[in-house]
Protein chains: 2
Amino acid sequence: MVTTNFNSRFIDNPLNCPVTRAMSIIGGKWKPIILNCIGDKQIRFGKLNQIIPSISNKVLSSELKEMENFGLIKRVEYTEMPPRVEYSLTTAGKTLLPILHELASWGNTNTAKKIIKEFA
Amino acid sequence: MVTTNFNSRFIDNPLNCPVTRAMSIIGGKWKPIILNCIGDKQIRFGKLNQIIPSISNKVLSSELKEMENFGLIKRVEYTEMPPRVEYSLTTAGKTLLPILHELASWGNTNTAKKIIKEFA
DNA sequence: ATTTGTGGTTACCATAAGGTTACTGGTTTT
DNA sequence: AAAACCAGTAACCTTATGGTAACCACAAAT
């Protein structure tokens with residue numbers, strides 16, 4: 001059972017509201033997309049940039065770094081030339097997969113598609 | 001089965017990536033929190049403002065209006081004095097509850113709490 | 001006569017998030 | 001000799017998001 005603490009006067013305080021906590025960690029324009037792209041794979045920086053073409057390398061880099069700091073992403077650097085870096089989800093990061101799955105699932109509903117079609 | 005379309009060159013295009021669609025509809029600082037607060041209830045504007053004290057009435061108002069336009073929220077106005085307005089989720093809006101539940105559930109993990117503690 | 005309650009709106013402002021462009025190093029390929 | 005590859009970084013700029021404070025209508029209660 002999940003205690004969502006509806007009656008708290010501090011429901012919007014990250015320390016007390018679970019939804020706020022979650023959103024302040026994985027909210028933002030790119031994080032869920034990046035996490036979803038990594039999924040269960042190991043994936044290189046350039047490959048991520050290729051399947052998410054409209055993110056700039058600067059932003060991709062900083063988002064990855066932030067999630068690495070959070071302990072959600074593992075970064076493995078191979079000292080080759082040219083360099084190779086592989087990103088993957090940590091065990092902690094994989095606990096996010098149910099959220100990403102629900103997001104993807106809902107994003108595939110006609111409800112979501114219609115809203116996007118009308119307002120985007 | 002969910003087609004997440006990992007190999008698309010347009011995964012970040014709202015028209016083609018389900019996660020991007022979902023996030024561009026319910027992303028942002030307040031929407032998931034508001035939706036979660038409404039839940040299965042009918043709830044008044046003032047009550048929302050009370051349980052989410054740090055949102056301004058301007059922002060609460062505009063977020064509600066946007067989600068009403070999306071067809072996720074129903075707004076019922078009672079022409080009394082002083083006025084009374086009740087918000088609730090539409091049928092479409094209730095399809096978001098699994099996402100909100102996963103968010104709340106993950107936000108209650110120690111993983112999430114530790115990250116918030118360290119970085120907030 | 002003034003305050004209270006309710007659900008907002010308006011005008012204005014601050015900040016952080018995100019975007020753009022150019023650049024790097026060392027090896028291999030053209 | 002030049003260009004490509006890869007994984008970024010640095011400096012700079014733009015814009016969307018959200019925040020603040022004041023104000024409104026109307027009736028009832030003090």
Side-chain angles (χ1 to χ4, degrees), chain A residues 11-14 17 19-20 23-35 37-38 41-70 73-88 119-120, chain B residues 11-14 17 19-20 23-35 37-38 41-70 73-88 119-120:
Chain A
I11 193 161
D12 56 334
N13 179 336
C17 171
V19 174
T20 305
M23 288 303 291
S24 56
I25 293 168
I26 59 154
K29 185 171 178 180
W30 297 111
K31 290 200 185 71
I33 299 167
I34 296 169
L35 291 166
C37 285
I38 299 178
K41 300 186 288 293
Q42 286 175 256
I43 189 166
R44 299 179 61 170
F45 185 91
K47 181 73 179 169
L48 276 171
N49 218 336
Q50 179 188 337
I51 63 182
I52 316 176
S54 61
I55 194 174
S56 66
N57 46 4
K58 177 209 145 191
V59 171
L60 178 55
S61 169
S62 63
E63 300 278 280
L64 286 168
K65 203 178 288 176
E66 192 179 348
M67 293 193 284
E68 194 196 350
N69 286 338
F70 288 166
I73 283 183
K74 186 169 42 177
R75 180 183 182 276
V76 181
E77 192 175 349
Y78 298 87
T79 50
E80 305 168 352
M81 196 56 61
R84 177 162 63 101
V85 179
E86 305 229 342
Y87 291 92
S88 57
F119 295 95
Chain B
I11 193 161
D12 55 333
N13 180 334
C17 170
V19 174
T20 305
M23 288 303 292
S24 58
I25 294 168
I26 58 154
K29 186 170 177 181
W30 296 111
K31 290 198 186 70
I33 299 168
I34 295 169
L35 291 166
C37 285
I38 299 178
K41 299 187 289 293
Q42 287 175 255
I43 188 166
R44 298 179 62 170
F45 185 90
K47 182 72 179 170
L48 277 172
N49 218 336
Q50 178 188 339
I51 63 182
I52 316 176
S54 61
I55 194 175
S56 66
N57 48 4
K58 176 208 145 191
V59 172
L60 178 55
S61 169
S62 62
E63 300 277 282
L64 286 168
K65 202 178 290 177
E66 193 180 347
M67 294 193 284
E68 193 196 352
N69 286 338
F70 288 165
I73 283 183
K74 185 169 42 178
R75 180 182 184 277
V76 181
E77 192 175 350
Y78 298 87
T79 50
E80 305 170 351
M81 199 53 62
R84 177 163 62 105
V85 179
E86 306 229 340
Y87 292 93
S88 56
F119 295 96

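Since we're looking at a predicted model, the values are computed, not measured.
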Point to revise | Pairs satisfying salt bridge (Lys or Arg N to Asp or Glu O under 4.0 Å), at least one member in residues 50-65 of chain A, at least two apart | key: A:K31-A:E63
Check your understanding: Should B:V85 and B:V76 count as side-chain neighbours, where that means a heavy-atom distance under 4.5 Å?
Key -> no
**Study point:** Distance-minimising heavy-atom pair for B:M23 and A:G28
**Key:** CE-O, 3.9 Å
Practice item. Specify the separation, in whole Å, of atom OH of A:Y87 and atom P of D:dA7. Key: 8 Å
Review point. Listed by chain and number, what are the salt bridge (Lys or Arg N to Asp or Glu O under 4.0 Å) partners of A:K29, not counting sequence neighbours?
Key: none
Review point. Rounding to a whole Å, what distance do you find between A:R84:CZ and D:dG8:P?
Key: 13 Å
Review point. What pair of heavy atoms forms the shortest contact from A:I73 to A:Y87, and how long is it?
Key: CG2-CD2, 3.8 Å
Exercise for review: Under 4.0 Å between any heavy atoms, over every strand shown, what does A:Y78 touch: base, sugar-phosphate, or nothing? Just pick one.
Suggested key: nothing
Point to revise | By salt bridge (Lys or Arg N to Asp or Glu O under 4.0 Å) - contacts of B:R84 (at least two apart) | key: B:E80, B:E86
Check your understanding: Among all residues two or more places apart in sequence or in another chain, which pass the ring pair (Phe, Tyr, Trp, His ring centres under 6.0 Å) test with A:F45?
Key -> none
Check your understanding: Once each nucleotide of nucleotides 16-30 of chain D is scored for protein heavy atoms under 4.0 Å, what B/S/- sequence comes out, 5' to 3'?
Key -> --BBB-----BS---
Practice item. Using the heavy-atom set of chain A and a strict 4.0 Å cut-off, write down the first and last nucleotide of DNA chain C that makes it in, 5' to 3'. Key: C:dG18 to C:dT27
Point to revise | Spacing between A:I43 atom CD1 and D:dG8 atom P, to the nearest angstrom | key: 13 Å
Review point. Under the side-chain contact (heavy atoms from CB on, under 4.5 Å) test, which residues partner B:S88, sequence neighbours left out?
Key: B:Q42, B:K74
